[in-house]
There are 2 protein chains.
Amino acid sequence: MKLKVKSSGWSAGRPIAIVNDKTATRLTANVNDRVLIKYKSKKITAVIDISSKITDENEIVLSSEILFYLGLKGKEFVDVDIAKKPRAVQIINKKLGCKTLSEPEINQIIKSVVDNSLTEIEIAFFISAIYKCGMKSEEIVALTRSMFETGKKLKFPGKIVVDKHSIGGIAGNRTTPIVVSICASAGLTFPKTSSRAITSAAGTADVIEAVCKVNFSPEEIKKIIHKTNACMVWGGALGFAPADDKIIRVESMINIDPEPNLLASILAKKLSVGSKYVLIDIPYGKFAKVNKQEGQNLKEKFEALGKKFGLKLKAVLTDGSQPIGNGIGPILEIKDIISVLENKPDCPKDLKNKSIFLAGQIFELCNKAKKNQGEKLALKILESGQAFNKFSQIIEAQEGSLKNLGFAKCQYDILSNKSGKIDFIDNKKINLLARVAGSPLDKKAGVYLYKHLKNKISKGEKIMTIYSQSKAKLDDAVHFYNENKVISVE
Amino acid sequence: MKLKVKSSGWSAGRPIAIVNDKTATRLTANVNDRVLIKYKSKKITAVIDISSKITDENEIVLSSEILFYLGLKGKEFVDVDIAKKPRAVQIINKKLGCKTLSEPEINQIIKSVVDNSLTEIEIAFFISAIYKCGMKSEEIVALTRSMFETGKKLKFPGKIVVDKHSIGGIAGNRTTPIVVSICASAGLTFPKTSSRAITSAAGTADVIEAVCKVNFSPEEIKKIIHKTNACMVWGGALGFAPADDKIIRVESMINIDPEPNLLASILAKKLSVGSKYVLIDIPYGKFAKVNKQEGQNLKEKFEALGKKFGLKLKAVLTDGSQPIGNGIGPILEIKDIISVLENKPDCPKDLKNKSIFLAGQIFELCNKAKKNQGEKLALKILESGQAFNKFSQIIEAQEGSLKNLGFAKCQYDILSNKSGKIDFIDNKKINLLARVAGSPLDKKAGVYLYKHLKNKISKGEKIMTIYSQSKAKLDDAVHFYNENKVISVE
């Protein structure tokens with residue numbers, strides 16, 4: 001059926017087409033059915049909405065995703081037909097029955113995710129199927145390859161391209177900007193793409209965004225790296241492993257991340273930016289995502305998967321028993337990072353030590369340093385001030401500045417109600433607390449910790465300060481603190 | 001934030017609100033985030049879309065579901081605020097970890113499904129969690145009760161209210177109109193609500209719709225039943241167990257239906273219409289949904305669940321080894337039904353016998369007949385012509401007619417390529433074949449079978465005729481037949 005495109009500037013986040021009820025009947029389409037829209041040599045599958053008022057009988061309103069993909073401006077005629085359920089739906093159904101999928105079957109699903117022929121509901125069932133049944137290692141390899149191959153790729157011929165990733169779950173723990181700055185100072189190429197927070201107080205992209213842009217095109221990224229050896233950008237909309245971005249968006253609705261997806265997602269993103277030497281940080285502990293045994297298993301899976309793709313990949317288990325650094329929340333974390341990079345005597349030692357350790361591991365992984373000499377080199381670069389200069393250079397290349405890093409308008413000090421030692425700090429609840437205060441959208445919101453595990457504290461002494469730009473959110477956060485066991489003094 | 005409602009006649013099938021990008025930033029809302037919209041004393045949760053063109057900064061475009069629910073016409077001011085994830089999301093996450101849910105937790109989920117504070121993606125995860133982990137019998141009771149209690153209810157005081165349900169999976173098998181007509185002739189009240197097809201060629205609602213309306217309000221249904229003792233309507237949009245309707249809609253995207261949902265869905269619908277005596281038909285066999293053992297287990301679960309709600313419920317295992325009746329597709333099935341009701345000598349005996357059996361079971365269940373006397377009574381009513389009169393009366397009360405039941409324009413005979421006996425008929429593939437031909441939207445599309453299991457057939461004799469109003473779909477169906485083992489002659 002030929003229909004005339006009506007432009008509406010409507011960004012639905014996914015391909016949606018609106019037709020009026022008569023047109024829907026002629027198409028035999030109900031709300032939520034799929035249609036195939038063709039224009040010239042391109043085609044896209046969209047989900048149907050029905051409106052009797054905003055469209056005439058021969059019109060179709062297309063969300064901006066479709067206009068962009070088909071190169072439409074409005075008033076063109078497109079071919080619209082009811083589309084069958086894609087074969088991928090059957091394959092997802094098969095996986096829900098815990099059958100092993102072949103490589104072509106996995107390719108079919110990922111292709112259908114990328115070309116939008118699967119709805120987010122169907123993607124949710126795919127994620128659930130993996131969560132339910134797991135995946136064999138061949139399936140994970142196929143998933144990784146498929147995610148990687150359906151996306152854009154960066155290449156840095158002749159360069160030593162390194163990368164790092166933390167599986168997350170620890171409040172603060174913003175080692176990335178420090179590690180990137182140290183490694184880039186040593187001449188390594190570090191095309192770091194990061195995510196935004198899903199459940200944590202802030203993702204690296206949220207933190208870096210407090211001081212510069214993080215949203216660049218792949219071409220712009222190449223320029224930034226050409227200038228500074230590194231970048232620190234948001235990886236979510238670059239077109240690297242685009243299937244992964246869509247899957248993460250659905251996963252974030254319910255806060256699950258099955259292990260095969262975690263493995264494939266991370267590896268695919270690293271492969272996309274051309275990394276050859278990859279360090280994976282796996283924090284473990286009571287309040288971390290994994291315990292020691294689970295961390296060990298994950299390490300082995302990461303290293304085996306890396307090998308399949310010819311990467312030099314090492315996974316390290318690190319202490320995940322408590323937050324790392326003092327600040328939790330974008331600006332508060334930036335302040336910690338700067339104090340480490342500026343070698344301030346009162347900088348958070350845990351953040352400094354862990355960053356030095358990780359940078360040292362990367363140096364050894366790519367033979368920039370001999371065995372056991374990595375940390376020494378990293379510390380030298382940090383203490384020389386080179387790393388701070390590199391960090392400033394990257395922020396500048398990303399059109400930002402390190403000026404005006406003030407504190408939030410509203411603050412509240414939490415005092416200890418008894419004397420003793422810090423017995424536990426619940427990572428998850430600290431993250432939630434910072435979120436309730438407004439992090440990551442409120443860049444100045446968050447928590448500043450004065451104490452870490454086993455530190456002594458006196459009655460009436462400050463445990464933490466909560467920051468927020470909104471008085472109402474600060475009140476909510478204080479209420480949250482009082483209702484939850486965030487920190488315990490024994 | 002106060003925003004002015006812009007009416008658009010836009011029916012999205014779910015509550016969606018569109019704001020422009022500046023307003024979204026002020027709300028700190030991204031695409032797919034939830035907002036709470038308040039007007040006077042009512043409130044509804046909606047999912048955000050962003051459009052820079054169709055809305056101004058102080059406006060909000062609301063889908064018709066929201067306008068209807070809040071009683072808005074446009075130009076009113078509503079209060080809009082970013083909404084937190086409902087607590088139900090956490091509970092779904094808990095179920096994904098295979099934990100047992102309490103009654104209040106299940107109530108919370110169902111309430112959130114009904115008031116639209118869960119997105120379809122989150123509902124998909126809930127379905128997957130049940131599919132993955134199953135549910136204990138107390139959880140199924142709570143699920144059923146919650147689905148039932150959050151919906152509208154019909155009551156027929158002083159009446160003997162009976163009902164039947166088949167778990168489906170068998171092509172044809174349209175016993176319901178015959179059973180309803182026989183039972184209503186005997187003075188029983190039979191408020192039959194049926195579903196539309198999800199994967200089969202046609203649901204009872206699709207079939208009945210070929211000759212009359214099936215979409216009525218609860219008040220209209222009461223009038224039809226008052227007139228005829230029965231109705232045969234579509235149960236999907238009546239507001240009986242509305243959570244179930246939404247869950248089924250999501251299940252249908254991927255064709256799964258976990259057993260706890262199946263049990264709760266059926267029972268909740270029966271409770272909603274005030275049924276006291278309920279017969280469940282469980283066809284079993286190689287090409288059915290369940291084998292004999294699974295059928296037996298399901299029978300026990302149905303009967304135990306019925307008891308919890310004070311129903312007199314019996315489940316019967318029936319032969320599900322092949323299609324029942326000759327026609328598969330709305331009009332072709334209506335023709336079968338009429339030939340049984342009219343006592344035509346060449347009517348499909350399998351359909352007649354099964355209908356008599358089921359009606360007889362209902363008579364015995366509600367003590368309308370003594371033990372082993374039910375079928376006799378049913379046959380008497382059928383052969384007297386009363387059942388046909390009752391059927392005609394119901395169709396008339398539902399504003400329909402039995403005239404003009406012609407065949408489809410395009411037909412194709414499938415001939416046997418050898419002599420022998422019918423070895424198997426694949427229910428699923430027969431259903432798919434009818435769907436490829438255009439059923440259920442094309443009311444005349446479908447398949448007419450000349451042979452059943454173990455029947456003799458000669459080379460060149462007709463096995464079936466495929467019908468369609470569209471030449472292209474008929475060709476597709478013939479192609480499907482040739483590519484798939486639908487029927488085998490040995």
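When reading the values below, keep in mind they use all heavy atoms of this one structure, side chains included, and skip hydrogens, waters and symmetry mates.
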Shortest non-hydrogen contact between S128(B) and F125(A), atoms and distance: OG-CD2, 3.2 Å
task: For E57(B), enumerate each residue passing the side-chain contact (heavy atoms from CB on, under 4.5 Å) test, keeping only those at least two apart in sequence or located in another chain.
output: N20(B), K22(B), T23(B), R26(B)
field: Reported CZ-to-CD1 distance for the pair R249(A) and I121(B), which is rounded to 0.5 angstrom
entry: 7.0 Å
query: Is atom CD of Q90(A) surrounded by more than 12 heavy atoms (other residues, nucleotides or ligands) closer than 6.0 Å?
result: no
message: So for I18(B), is it side chain, backbone, both, or neither that comes closer than 4.5 Å to the heavy atoms of chain A?
response: side chain
field: Inter-residue atom distance L96(A).CG - K132(B).NZ, 0.5 Å rounding
entry: 12.0 Å
All disulfide bond (SG atoms under 2.5 Å apart) counterparts of C133(B), not counting sequence neighbours: C98(B)
task: Check the surroundings of atom NZ in K94(B): do more than 12 heavy atoms from other residues, nucleotides or ligands lie under 6.0 Å from it?
output: yes
